[in-house]
2 protein chains.
Amino acid sequence: MARATAKATITDVAKHAGVSLSTVSRVMNGNPSVDPALAERVRGVATELGYTASPLARSLVLGRTQTVAVVVPDLGNPTFQAVLRGLSRAAATDGYHVLIADSAEQVAEERLLAVETRRRTDGLILCAPRMPDDELAMLLPEVRPVVLVNRGMDAAVPSIAADYATALRGLIDHLYSLGHRRIAYLAGVARSASNTARLAALSGFRAAHPEVELIELASGVDFDSGAAAADAVLGSRATAVLAFNDLVAMGLLSAVSDRGIRVPDDLSITGFDDIPFARYTSPPLTTASVPAADLGALAWQALHATLTGEEAAASVRLEPEVVVRGSTGPPTS
Amino acid sequence: MARATAKATITDVAKHAGVSLSTVSRVMNGNPSVDPALAERVRGVATELGYTASPLARSLVLGRTQTVAVVVPDLGNPTFQAVLRGLSRAAATDGYHVLIADSAEQVAEERLLAVETRRRTDGLILCAPRMPDDELAMLLPEVRPVVLVNRGMDAAVPSIAADYATALRGLIDHLYSLGHRRIAYLAGVARSASNTARLAALSGFRAAHPEVELIELASGVDFDSGAAAADAVLGSRATAVLAFNDLVAMGLLSAVSDRGIRVPDDLSITGFDDIPFARYTSPPLTTASVPAADLGALAWQALHATLTGEEAAASVRLEPEVVVRGSTGPPTS
DNA sequence: CTGTTAGCGCTTTCAC
DNA sequence: GTGAAAGCGCTAACAG
């Protein structure tokens, strides 16, 4: 017969049970130094009153909230959604809660969001691919413990990232082996961490294959920018295009299809990330599979490790896999 | 020259400024009853020390956390992702934080998650389409203030929902006007709130059009169950199928296409929700557009209203719009 | 084993 | 206008 009204406090329980606060506290925390019979009685009163310790009060005195913060640049992006999902489930497994902040692509807000959410939690998981290096460097000490996702920094802070460079290289090699010699790259956001990695892959490839024409084209990171890039891509006379990510690839695919271009016969297209929908376009998208949910889970593991002080969490780098589907093929022209 | 080490407390500031705690508190809270000059000095010390009031301590004494909880059944589902996004951004606008819990489709966990996250926050936004009515009824009083998403209850708790019944009816009418007389329905999760609404729409249509054959088929709520239902759908000899949602529709579309079935010539398919990818299938999906992000934003508004006690938040019901794309057409058989 | 006493860091009467 | 003191609900020495 629990009365759900006006949440009972530890004092109520103590009074009803005729014991001191400490005893109740001990019982509730499973401290064995309490007489079993007494403990039983206290527990009885507690359940009768529907008592649960206030997380707030505990947090204040214990100095930990059992909560971590995560800031992402866009909750609408499937990749970050997957990171969040992996993170959230992993954290839940360890009894932690997740406070979430979406900067909505406002890089200027990220710092504040990070600091603010961090103060209400025990640690931070930061996805801020576009925050300038120097700003990030200033921020990091302030929000420790923190783990970075998809972005390296100094070794002092653990970073869980996919190896964008190697993966993109895999995609280029795939196109090359198909026979493509004129390849466009839709560059996404210029100053993002993963774009930097991709550009490195590009120049690596250039060095190895000077005979191949690599054309860099500007673009955004979503459907619309992919679609908007269609004319530029077609104008470039490339036979294949590396899109910044699956979203861009899908937008492009859709737009060129509308213009009567056949994929992959007239144009091969690769995506990046392997979001859940990549296999359902037509043709299905060749892409690099970034295990975003794993990234989230690993980020949690790293943070949890430093939280429990077991070990200095190590950075980890995941290798995406090139998954070849129908959107790439040999050039016909 | 802010020293970021060991977060300064209000006591530090008071000491450095040579004033009492109360004064610092007043200054930090913009209480005008402080001598402007003194206030200025205190503010100086505060910034110098990099002082910010501990949200935890404030929460404890003020009795509010500036945080709300949201529980969703699956963070991998685009609809709930959109709800979360709309909610998170709206809440951020009002200076609130969002604590998120993903029950990972474990209906048994939802109650606990709801109660636990609610205790650390000021209110709850609950998406629990599959929780049994009686369990929900028991839970609600315990987590108030709460607002329900996509699920009505008694009038006592505000509910923000899309009108699934009317929308599905719109989809059926669309198929009917196209000439379909044998229509299959992929029923998704049997006991979910929105499925109940859909079934109501179905029987409404049956009453109006006894000449139409309406075939109910079991299915899940994701790609795979859509694909898995392909044989059953084909076996039913329906000329059109109403999929439980876009995911199911896409899975089905993909599977029947693989079998050489042409959509919409051989089979018309409708989805539900209008997730961002629905327009990028081929053919693009005819579906009912559920403004999930708006649902989230409205849920926030309702919760915020009851939090600030301005008014008793009202329930709202949004009308999805039927959006006709390429996956539906007249039957050819 | 159990109770008493300090706080955790802050806000808020209540006096001066 | 400013400070002293009480207390938000809990835990953790510290005594018995």
Is the closest side-chain heavy-atom distance between [X] and [Y] below 4.5 Å?
{"X": "B/Leu126", "Y": "B/Leu136", "answer": "yes"}
{"X": "A/Arg120", "Y": "A/Thr67", "answer": "no"}
{"X": "A/Asp94", "Y": "A/Trp300", "answer": "yes"}

* To do: I would like to know whether B/His16 and B/Glu48 meet side chain to side chain contact (heavy atoms under 4.5 Å, CB included); could you show each step before the answer?
  => CA-CA 10 Å; B/His16 282 245; B/Glu48 185 195 343; 5.6 Å; no

Could you state the atom-to-atom distance from [atom1] of [X] to [atom2] of [N] in whole Å?
{"X": "A/Met28", "N": "D/dG9", "atom1": "CE", "atom2": "C1'", "value": "13 Å"}
{"X": "A/Glu40", "N": "C/dC1", "atom1": "CD", "atom2": "P", "value": "16 Å"}
{"X": "B/Asn31", "N": "D/dG1", "atom1": "CG", "atom2": "C1'", "value": "10 Å"}
{"X": "A/Lys7", "N": "D/dC8", "atom1": "NZ", "atom2": "P", "value": "17 Å"}

* Rounded to the nearest 0.5 Å, what separation is found between the CG atom of B/Leu38 and the CZ atom of B/Arg43? -> 10.0 Å

* Asked: From A/Leu298 CG over to A/Ser159 OG, what is the distance, rounded to the nearest 0.5 angstrom?
  -> 11.0 Å

* Determine the contact category for A/Ser33: base if any of its heavy atoms lies under 4.0 Å from a base atom, sugar-phosphate if only primed atoms, P, OP1 or OP2 are that close, otherwise nothing. => base

* To do: Return the residues of residues 55-66 of chain B meeting this criterion: a heavy atom under 4.0 Å from some atom of DNA chain C. Order them by number, or give none.
  => B/Ala57, B/Arg58, B/Val61, B/Leu62

* Test A/Leu21 against every option in A/Val13, A/Thr11, A/Thr9 by the side chain to side chain contact (heavy atoms under 4.5 Å, CB included) rule and name the one that passes. => A/Thr11

* Please work out which residues in residues 17-27 of chain B have a non-hydrogen atom less than 4.0 Å from an atom of DNA chain D and list them by number. => B/Val19, B/Ser20, B/Ser22, B/Thr23, B/Arg26

* Asked: Could you go step by step and tell me if B/Leu75 and B/Ile100 meet the side chain to side chain contact (heavy atoms under 4.5 Å, CB included) rule?
  -> CA-CA 10 Å; B/Leu75 270 180; B/Ile100 198 256; 3.5 Å; yes

* To do: Just say parallel, tilted or perpendicular for the rings of B/His304 and B/Tyr96, cut-offs at 30° and 60°.
  => perpendicular

* Under the salt bridge (charged side-chain N to carboxylate O under 4.0 Å, His left out) criterion, do A/Asp102 and B/Arg85 qualify, and how do the steps go? -> CA-CA 8 Å; A/Asp102 174 7; B/Arg85 178 164 40 91; 5.9 Å; no

* Per A/Ile10 side chain, nearest of listed nucleotides D/dT11, C/dT2, D/dT2 -> D/dT11

* Structure fact -> With five pairs defining each end axis, the helix from C/dC1-D/dG16 to C/dC16-D/dG1 comes out bent, to 10°, by 50°

* **B/Asp74 (side chain) donor-acceptor with B/Gly76 (main chain) under 3.5 angstrom** => yes

